[in-house]
Amino acid sequence: MDRLLAADEARRAAVAAADSLRAEQKAFGRKVGQASPEERPALLERGKELAAEVKAAEARQAEAEEALQQAHRAIPNVIIDGVPAGGEDDFTVLETIGDKPVYDFEPADHTIVGERVGAFDTARGAKVSGSRFYFLTGPGALLEFALVNLAMAQATAAGFTPVVAPALVRPEAMEGTGFLGAHAEEVYHLERDDLYLVGTSEVALAGYHSDEIIDLTDGPRRYAGYSACFRREAGSYGKDTRGVFRVHWFDKVEMFSYCPPEQAEEEHLRLLAWEKEFLDKLELHYRVIDTAAGDLGSSAARKYDCEAWFPAQDRYRELTSTSNCTTFQARRLAIRYRDSNGKPQPAATLNGTLVAVTRTIAALLEVHQQADGSVRIPEALRPYLGGMDRIEPAKL
RNA sequence: GGAGGGCUCGCAUAGUGGCCUAGUGCGGCGGUCUUGAAAACCGCUAUGAGGGGUGACUCUCAUCGUGGGUUCGAAUCCCACGCCCUCCGCCA
């Protein structure tokens, strides 16, 4: 913090120095313009000196501004009061919804169920693209579209603007959303074109209103973005290697909201409520956690995760996650709104998963499997599957 | 991939080295006039950084797509990049 204040002080002084020199040069320029051709050569000597001084002052200004930027970028977002302290395991459980389902047989891992009903093919995924890739096949492919359509229908009904967002973005968007900080190793980069593959459409949806002053007088602006998502999964070697639980690529519908900072905490709870509504429709048992400060990443000031119960793993695993980024992303991306005085101010940005397709399919297969090897389709999803109420085991 | 044209303060446009402290029109906002409105007239009209006043305000600097360069001086000249448009090629 001290470093930041010092850097800002230095920048202010450098700017003031450069400003006054520029003013002097400007006045001098006018004098030269009005001078007669005979008078000019004598004046130009002084002009050269002035130009050199201005140049030097501007260099110092640029340096001071860069230093301040660096100091700023190094600092992650400020955590909201009440967020649990500590690391990954120090979360607080806020609530638990539903009861653990009871099985009168030994529930199989989602990988087994998926193969049994022919929902995906990871062996051929690996053959074609490498480990952590897959083909969704038959009922799995249909489930993807059903889940996406159910999510988009819910979001649209709630007033979100549906969006299909680009999966490749420029460095500014990646940097501005905070993904080149602590999570830089997670991100795919295309060197040749200097483009990044997004890990979430949050990146594109935040970039959408960058360098804009948006109108928030009618309340938050909400977008539901669908895109492919790519994650290197560096540092997770050997973790969740089977099936489609943790993969390098998946499709996702993401909620994204822009609102005035003072409304951000209530908006965060609304996003959480929409996530819960969706999980309820899928008839899943899950809990909501308040992620600890050490596990927030650089952009979030608070993060709630919904973790569904996976019976074969006998664990709660993250299905959705919603972050309140307060003004962190908006300050970097120049996303502003006019406050009640008409003055531009950084807006707050928030995001939340509606459905991360493959992981949700994994949950559905594992949770709704039946003794006969079939998988029951939750009621809400059936209209999007032509009325199908169960997936039968594939032949062979 | 190749060739050409373009990017100016909400929109449209003027501006080819100093009188640009960026002009004009439209739109928008406020006012005068009016019973009310229209018209007419007057004023205002972006962003950032910094300074002055309790405040309505006011002053300085920067910004003409972005970044460099040339020059005493750049919207204007040079280079690179981004984006848009037209045509050719290729393509789902």
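In what follows, every chain begins at residue 1, and chains take the letters A, B, ... in the order their sequences are listed.
- Between the CZ atom of A:Arg332 and the P atom of B:G48 there is a distance of 19 Å, rounded to whole Å.
- For the pair A:Glu58 CD and B:U71 C1', the interatomic distance rounds to 14 Å; values are reported in whole Å.
- Ring geometry for A:Phe160 against A:Trp274 counts as perpendicular: the plane angle is over 60°, on a 0 to 90° scale with 30° as the lower cut.
- Nucleotide B:C20 forms no Watson-Crick or G-U wobble pair with any nucleotide shown, as no partner meets the under 3.5 Å limit on both distances.
- Residue contacts for A:Arg331: at a heavy-atom cut-off of 4.0 Å it reaches no nucleic acid atom on any strand shown.
- Between the side chains of A:Gln329 and A:Glu202, at least one donor N or O sits under 3.5 Å from an acceptor N or O.
- A straight line from NZ of A:Lys26 to C1' of B:C20 spans 10 Å, rounded to a whole angstrom.
- Atom-to-atom, CD of A:Gln25 to C1' of B:G18 comes out at 13 Å; the value is rounded to the nearest Å.
- Spacing between B:G69 and B:U60 at atom P, rounded to whole Å, works out to 28 Å.
- Look at the P atom in both B:C78 and B:U71: the space between them is 16 Å, to the nearest Å.
- Taking atom CD of residue A:Gln69 and atom P of nucleotide B:G48, one finds them 15 Å apart after rounding to whole Å.
- In this structure, A:Gln370 contributes its side chain and A:His368 its backbone to a donor-acceptor pair below 3.5 Å.
- Nucleotides B:G67 and B:A74 are separated by 15 Å at their C1' atoms, to the nearest Å.
- Judged by closest nucleotide on RNA chain B, A:Arg336 is the one of A:Arg336 and A:Gly47 placed further toward the 5' end.
- A cation-pi arrangement is found for A:Arg359 relative to A:Phe245, the charged atom lying closer than 6.0 Å to the ring centre and inside a 45° cone about the ring normal.
- Inspection of the A:Lys252 and A:Ser201 side chains reveals no N or O donor paired with an N or O acceptor under 3.5 Å.
- Remark: the separation of the P atoms in B:U8 and B:A75 is 16 Å, to the nearest Å.
- Nucleotides B:A46 and B:A56, compared at atom P, are 16 Å apart to the nearest Å.
- Nucleotides B:C20 and B:C64 place their C1' atoms 11 Å apart, quoted to the nearest Å.
- Salt bridge status for A:Glu267 with A:Arg270: present, with a side-chain N to carboxylate O gap under 4.0 Å.
- Side-chain polar atoms of A:His209 and A:Tyr337 form no donor-acceptor pair below 3.5 angstrom.
- A side-chain donor from one of A:Arg22 and A:Gln61 sits under 3.5 Å from a side-chain acceptor of the other.
- Nucleotides B:A22 and B:U13, compared at atom C1', are 13 Å apart to the nearest Å.
- Note: CD (A:Glu172) to C1' (B:G67) measures 12 Å, nearest angstrom.
- Atom C1' of nucleotide B:G73 and atom CG of A:Leu21 are separated by 15 Å, given to the nearest angstrom.
- Contacts between residues 188-198 of chain A and RNA chain B, defined by a heavy-atom separation below 4.0 Å, involve no residue at all.
- As rounded to the nearest Å, B:G28 and B:A39 have P atoms that lie 10 Å from one another.
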